[in-house]
Amino acid sequence: MMNKKVDILRTRPSWIAIDSEAIQENARIIMQYTGAKRLIGVVKANGYGFGAVATVKALYEIGVRDFAVATIAEAAILRQEVTYDDFQILLLGVQDVAFVDIMVAYHLSPAVGDLSWLQQAVKLIPEGKVLEVQLAIDTGMGRMGAHSQSQVKEMYEFIQSSDKLQLMGAFTHFATADDNNQSYYDHQVENFYKWVHGANIPEKYWHLANSGSALWHKKEINIHTIRVGSVLYGYNPGAPERDMPIKLKSVLSLKSRIGFVHELQAGESVSYGATYTAERPQWVATLPIGYADGYLRRMTGMRVLIAGHVEHVIGRVTMDQIVISLDKKYPVNTEVTLIGQDGDEEITLEEFAEYAKTIPHEISTTFSSRLPRIYN
């Protein structure tokens, strides 16, 4: 039975359906494809909008014990809502050293990219406690991390010399793993290997492969540990530039139900600006979903699926509602698929993102908390 919060959300019939078993299967698929022995599941931004807690629980069931988020708050939610205590949480984002005590208390492993942060941290770590750290190496992403062999070496040596610090990983992040800039990718790979070998950091600590690397560069880098997000959620991180080398399971469906049906007469218009005017009598339906839910204002004209065939969004998308064309009159509460499969037709997250002129990551993380996530 759903809790009261979800029940209240369901009084407005628009929702996201998440297939947790598909997430598990995608993890198995990418592990088998790459030959990786360890997977770090990236669940930042509420699991890319798919639900971090549910994703962690699903992956834990199949043996995953390492997860990554961006913020301390995201990690704290996992520690509070996931009852298992034998999983690790990596903090990928830049963290304020003033909150070292919280990181220690929640058993978090922050990415650290400069020596001064470590020097301040050891002064703030409670007596008798240890902070587990990830050595961030900036080989070309340009956001954070040690940026030369000498910086990598001095940080590694400082960590090894302190009884308050424990190294858990050394990693880099690739800027062009999911596009066609191979030369830049090769430059980053060269930097990483040169710097970690120069600092004598053991291979057991390395994790390089994000989703793009796991999909398209598995033979070019150390692949023992993969650190992936988008492939878990079943979509192509390189869309539309790159084709997928493997078939993943679709995880997300976006659904709504017809809230109102009426027949437009020739010359009548719908929505703000009266941008759509009927040329002949036609049936239309109003759905209770809009840009406040993450169904973007620029999605006018986008396909939707009803009863196994294609209709379209007409008129402007508003904050709380959209209007769609109909081939005939349908009953109120008829289900409409905005992303997902209906009969032989399917609207993928990649198609939705391409229509919106963005990437799937932005679409899934834009869906708001007004849309309940319903898990299988």
Side-chain angles (χ1 to χ4, degrees), residues 30 33-34 36 39-45 48-49 67-71 90-95 110-114 117 134-152 155 169-199 201 203 205-233 235-246 248 349-350 353-354 356-366:
I30 195 63
Y33 174 71
T34 59
L39 183 147
I40 301 172
V42 183
V43 294
K44 62 182 179 177
Y48 290 39
F67 301 93
V69 296
T71 71
L90 186 164
L91 296 174
L92 291 172
V94 179
Q95 311 302 329
V112 181
D114 65 89
W117 196 100
Q134 302 277 339
L135 178 48
I137 302 174
D138 179 16
T139 59
M141 190 70 169
R143 298 190 305 191
M144 67 171 292
H147 196 55
S148 67
Q149 181 175 317
S150 61
Q151 289 180 12
V152 172
M155 287 184 65
F171 74 99
T172 195
H173 194 46
F174 292 108
T176 64
D178 51 11
D179 64 31
N180 296 312
N181 191 341
Q182 182 67 39
S183 62
Y184 197 84
Y185 184 87
D186 292 341
H187 171 71
Q188 287 196 254
V189 172
E190 180 183 358
N191 281 344
F192 182 83
Y193 283 125
K194 179 181 177 182
W195 297 350
V196 294
H197 283 308
I201 300 176
E203 183 178 335
Y205 293 116
W206 306 350
H207 52 95
L208 292 80
N210 58 359
S211 289
S213 292
L215 289 168
W216 295 294
H217 303 278
K218 64 172 183 169
K219 296 182 180 180
E220 302 166 35
I221 59 173
N222 180 289
I223 210 78
H224 180 276
T225 298
I226 58 175
R227 187 186 67 250
V228 295
S230 53
V231 294
L232 298 174
Y233 308 113
Y235 65 83
N236 179 358
E241 292 186 15
R242 288 203 147 188
D243 295 328
M244 289 289 280
I246 55 176
L248 298 172
L349 187 59
E350 291 92 335
E354 186 172 5
K357 296 181 172 56
T358 186
I359 58 176
H361 310 61
E362 183 178 13
I363 295 299
S364 66
T365 56
T366 297

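All values reported here derive from a predicted model rather than from experimental measurement.
- Using modelled atom types, no side-chain atom of N191 and backbone atom of K194 make a donor-acceptor pair closer than 3.5 Å.
- Counting non-hydrogen atoms of neighbouring residues, nucleotides and ligands closer than 6.0 angstrom, the CD atom of Q182 exceeds 12 such neighbours.
- The side-chain heavy atoms of W117 and V94, taken from C-beta on, include no pair separated by under 4.5 Å.
- Closest non-hydrogen pair, T139 versus Q188, comes out as OG1-NE2, 2.8 Å.
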Stepwise side-chain contact (heavy atoms from CB on, under 4.5 Å) check, H207 with L90: CA-CA 12 Å; H207 52 95; L90 186 164; 3.6 Å; yes
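- In this structure, E350 contributes its side chain and N236 its backbone to a donor-acceptor pair below 3.5 Å.
- Between P360 and A353, the shortest heavy-atom contact is N-CB, 3.5 Å.
- Within the model, atoms CG of L215 and CD1 of I30 stand 4.5 Å from one another, a figure rounded to the nearest 0.5 Å.
- Closest heavy-atom contact between G212 and P237: N-CG, 4.5 Å.
- Using a 4.5 Å cut-off on side-chain heavy atoms (C-beta onward), L39 and T225 make no contact.
- Annotation: the span from T172 atom OG1 to W195 atom CH2 amounts to 8.0 Å, rounded to 0.5 Å.
- Atom CG of L135 and atom CE of M155 lie 5.0 Å apart (nearest 0.5 Å).
- Relative orientation of the H197 and W206 rings is perpendicular, given thresholds of 30° and 60° on the angle between their planes.
- Using the six-membered ring where Trp is involved, H361 and Y235 have ring planes that are perpendicular, over 60° apart on the 30 and 60° scheme.
- The closest donor-acceptor contact from the side chain of T365 to the backbone of A45 lies at 3.5 Å or more, if one exists at all.
- Relative orientation of the Y184 and H187 rings is tilted, given thresholds of 30° and 60° on the angle between their planes.
- Between the side chain of Q95 and the backbone N or O of A70 there is at least one donor-acceptor pair closer than 3.5 Å.
- A distance of 5.0 Å separates CZ in R143 from NE2 in H173, rounded to the nearest 0.5 Å.
- Between M144 and A136, the shortest heavy-atom distance links the atoms CE-CB, 4.0 Å.
- At least one side-chain heavy atom of V42 sits less than 4.5 Å from a side-chain heavy atom of Y48.
- Between I226 atom CD1 and I40 atom CD1 the span is 9.5 Å, to the nearest 0.5 Å.
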M244/W216 under side-chain contact (heavy atoms from CB on, under 4.5 Å): CA gap, chis, key distance, verdict: CA-CA 9 Å; M244 289 289 280; W216 295 294; 4.3 Å; yes
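- For the side chain to side chain contact (heavy atoms under 4.5 Å, CB included) test with F192, the passing option among L208, I221, N222 is L208; the others fail.
- No donor-acceptor contact under 3.5 angstrom links the side chains of D186 and S183, judged on distance only.
- For the pair I246 and Y33, the tightest heavy-atom approach, listed with the atom from each and the gap, is CG2-CD1, 3.3 Å.
- The nearest pair of heavy atoms linking A209 to V228 is O-CG1, 4.1 Å.
- Put simply, the side chain of Y185 does not reach to within 4.5 Å of the side chain of D179, judged on heavy atoms.
- With hydrogens and angles left out, the side-chain atoms of N180 and R242 include a donor and acceptor closer than 3.5 Å.
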CA sep, side-chain torsions, deciding dist, call: D114, Q151, side-chain contact (heavy atoms from CB on, under 4.5 Å): CA-CA 8 Å; D114 65 89; Q151 289 180 12; over 6 Å; no
Derivation and outcome, side-chain contact (heavy atoms from CB on, under 4.5 Å), residues V189 and F174: CA-CA 8 Å; V189 172; F174 292 108; 3.7 Å; yes
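- If you take CD1 on I137 and CD1 on I201, they are separated by 5.0 Å, rounding to the nearest 0.5 Å.
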